[in-house]
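Some notes on the structure that comes next.
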Amino acid sequence: MTTSKLTALPGDQHRDGPLDLTYARALVALHRSLRYPDLATTVGTAALCRVEQLGDGLTTVAFSSDAVEERHLRAVFGFRLAEFIDLSMMSSRTARETALLAEPPDSTVVHTVCLDADGRILGYVGLLGSRDVLPRRLDDPARSRFPVEAAHGVDLLAPFAERGLTTQQVFEIKRFVRAGDVPAGQLRDRVPWHLILALGRSVLAMGRPLLIGDSRENGALRHLRLIGFDPLVIPDTRPRLPHTSLMWSSYLVPVPAVPFASLVPEDLGTYLDAIEEGLAGGHDESWQRGLVARLSASRRGRRQAESGEVVS
């Protein structure tokens with residue numbers, strides 16, 4: 001999950017100026033003041049997954065772009081823009097110069113949103129689909145490249161070509177983020193687990209696709225490994241984006257995110273059940289430690305079983 005500001009390399013000639021920072025502060029304040037109490041209700045039975053009534057006042061819903069009204073899509077893209085600008089992972093200069101109030105729509109096919117009891121968006125993660133109109137083999141040289149592949153200059157799909165998947169069964173994890181002003185405490189800790197649970201249930205409903213993306217080791221990669229994924233990681237890339245891209249500044253850091261790809265594990269449902277039980281039953285200070293310990297134990301047990309070791 002993206003939760004801390006990044007520090008750009010010194011001497012950056014495109015550093016945001018006073019007007020850009022003023023624009024950014026106003027944009028962030030605007031979106032954090034907005035509430036969408038009818039968003040989850042609007043999705044209704046079209047939801048891919050719904051996580052609620054776990055004793056924390058949070059409701060998390062996963063839905064396709066055509067399941068909600070345009071105003072709700074604007075809310076989602078506005079939240080994404082505001083939070084990533086606040087993290088210095090999107091350019092406030094680009095946003096100001098183009099008068100953006102929301103991130104421009106992209107090929108995201110599944111939006112997962114975590115809301116508080118008042119309808120404020122506290123967290124988000126998306127799944128971006130392929131731009132190919134027709135399904136193509138993963139090793140087809142004519143297939144479109146996903147944004148993470150273009151940024152890092154890598155081919156993440158070819159290693160999985162023998163699986164018989166097509167580009168329509170590949171999704172890029174995007175914008176895994178929590179609102180930056182949620183105070184430390186249980187609520188803050190529960191938001192990412194709500195998102196992971198709903199996203200996991202969604203990808204199972206979608207037929208266990210291939211997931212790709214980029215992350216730092218203490219971000220999405222850590223969470224994926226905890227719930228049974230074995231991602232292929234390509235180290236030592238040199239990611240970059242043109243300065244016309246909102247996200248170009250996200251790679252101007254000493255340790256940029258690394259690209260990864262992973263099949264959805266067959267036993268993902270077991271890990272998701274553990275998360276749901278942990279969220280439903282844990283309301284003291286130790287609930288998250290207990291959940292992580294349980295997930296880690298399940299991971300070790302699987303590895304032991306796969307290697308033929310006796311599990312005591």
Side-chain angles (χ1 to χ4, degrees), residues 1-3 5-6 14 16-17 19-43 46-48 59-116 118-129 131 146-148 150-151 171-182 191 195 198-199 213 241-251:
M1 165 157 281
T2 305
T3 57
K5 287 182 181 289
L6 304 179
H14 298 275
D16 296 334
L19 284 178
D20 308 318
L21 297 178
T22 298
Y23 188 89
R25 284 193 293 268
L27 181 70
V28 171
L30 168 65
H31 283 287
R32 288 179 179 174
S33 72
L34 299 177
R35 302 293 184 268
Y36 308 96
D38 61 337
L39 194 160
T41 304
T42 300
V43 176
L48 287 168
T59 297
T60 301
V61 60
F63 54 89
S64 61
S65 294
D66 59 1
V68 294
E69 301 172 8
E70 181 64 27
R71 63 188 177 93
H72 286 141
L73 285 181
R74 288 197 301 270
V76 165
F77 284 110
F79 175 83
R80 287 170 36 158
L81 177 66
E83 293 304 325
F84 274 82
I85 279 184
D86 188 55
L87 289 164
S88 301
M89 293 185 67
M90 285 185 181
S91 169
S92 57
R93 171 169 293 187
T94 301
R96 179 184 63 81
E97 290 178 343
T98 53
L100 287 180
L101 294 179
E103 189 180 351
D106 55 18
S107 300
T108 300
V109 295
V110 176
H111 302 278
T112 301
V113 177
C114 182
L115 303 147
D116 70 8
D118 296 325
R120 182 191 164 189
I121 301 176
L122 297 184
Y124 174 88
V125 62
L127 290 178
L128 188 88
R131 291 185 291 107
F146 283 83
V148 63
F171 299 92
E172 181 174 341
I173 300 174
K174 302 286 287 185
R175 309 293 190 263
F176 185 30
V177 67
R178 173 179 55 205
D181 65 335
V182 181
V191 170
L195 293 171
L199 182 70
L241 291 170
H243 287 146
T244 53
S245 169
L246 268 174
M247 291 288 294
W248 70 268
S249 60
S250 66
Y251 293 122

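Computed from a predicted structure; not experimentally measured. In what follows, residues are counted from 1 in the order of the sequence shown.
- Around CZ of R131, the count of heavy atoms belonging to other residues, nucleotides or ligands within 6.0 Å does not exceed 12.
- For the pair T108 (side chain) and G129 (backbone), a donor-acceptor distance under 3.5 Å is absent.
- The shortest side-chain heavy-atom distance between R178 and L122 does not fall under the 4.5 Å cut-off.
- Under the 4.5 Å side-chain criterion, counting only non-hydrogen atoms from C-beta, D118 is not in contact with P37.
- Considering only heavy atoms from C-beta on, T98 stays 4.5 Å or farther from L246 through its side chain.
- Looking only at side-chain heavy atoms (C-beta outward), W248 and S91 come within less than 4.5 Å of each other.
- Between L19 and R96 there is a side-chain heavy-atom pair separated by less than 4.5 Å.
- Summarising the geometry of T60 relative to A198, their closest heavy-atom pair is CG2-CB, 3.7 Å, with the distance given to 0.1 Å.
- V177 has its side chain within reach of F79: a pair of non-hydrogen atoms, C-beta onward, lies under 4.5 Å apart.
- Atom-to-atom distance recorded for F176:CZ and L195:CG is 5.5 Å, nearest 0.5 angstrom.
- Shown here for A82 and L27, the closest heavy-atom pair between the two residues is CB-O, 4.2 Å.
- Nearest heavy atoms, M89 versus M247: O-SD, 3.3 Å.
- Of the inter-residue distances, the one linking R35 atom CZ with D116 atom CG reads 6.0 Å to the nearest 0.5 angstrom.
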Item to complete: Would you check, one step at a time, whether the test side chain to side chain contact (heavy atoms under 4.5 Å, CB included) holds for V110 with F63?
Response: CA-CA 5 Å; V110 176; F63 54 89; over 6 Å; no

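- In this structure, L73 CG and S65 OG are separated by 5.5 Å, a value rounded to the nearest 0.5 Å.
- A salt bridge is defined here as a Lys NZ or Arg NE, NH1 or NH2 lying under 4.0 Å from an Asp or Glu carboxylate O, and R71 with D38 meets this definition.
- A donor-acceptor pair under 3.5 Å is absent between the side-chain atoms of E103 and the main chain of G78, judged by distance alone.
- Among all heavy-atom pairs drawn from F146 and L128, the shortest one is CE2-O, 3.7 Å.
- With D106 as the fixed residue, the salt bridge (charged side-chain N to carboxylate O under 4.0 Å, His left out) test singles out one of R175, R80, K174: R80.
- When each of R32, H31, R25 is checked for a side chain to side chain donor-acceptor pair (under 3.5 Å) with D86, only R32 meets the rule.
- Side chain of E83 to main chain of G180: a donor-acceptor pair is present (N/O by atom type, distance under 3.5 Å, no hydrogens or angles).
- With values rounded to the nearest 0.5 angstrom, T112 atom OG1 is found 6.5 Å from L127 atom CG.
- The two residues A47 and V61 have their closest heavy-atom pair at CB-CG2, 3.7 Å.
- No donor-acceptor distance shorter than 3.5 angstrom exists from the side chain of S245 to the backbone of L241, with no hydrogens or angles considered.
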Item to complete: Start with the C-alpha distance between H111 and Y124, add both sets of side-chain angles, then the distance that settles side chain to side chain donor-acceptor pair (under 3.5 Å), and finish with yes or no.
Response: CA-CA 7 Å; H111 302 278; Y124 174 88; 2.7 Å; yes

Discussion item. Walk me through whether T42 and H72 qualify under side chain to side chain contact (heavy atoms under 4.5 Å, CB included).
Written reply: CA-CA 9 Å; T42 300; H72 286 141; 3.4 Å; yes

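- Contact detail for E172 and P147: the closest heavy-atom pair is OE1-CD, 3.1 Å.
- A donor-acceptor pair under 3.5 Å links the side-chain atoms of Y23 to the main chain of L100, judged by distance alone.
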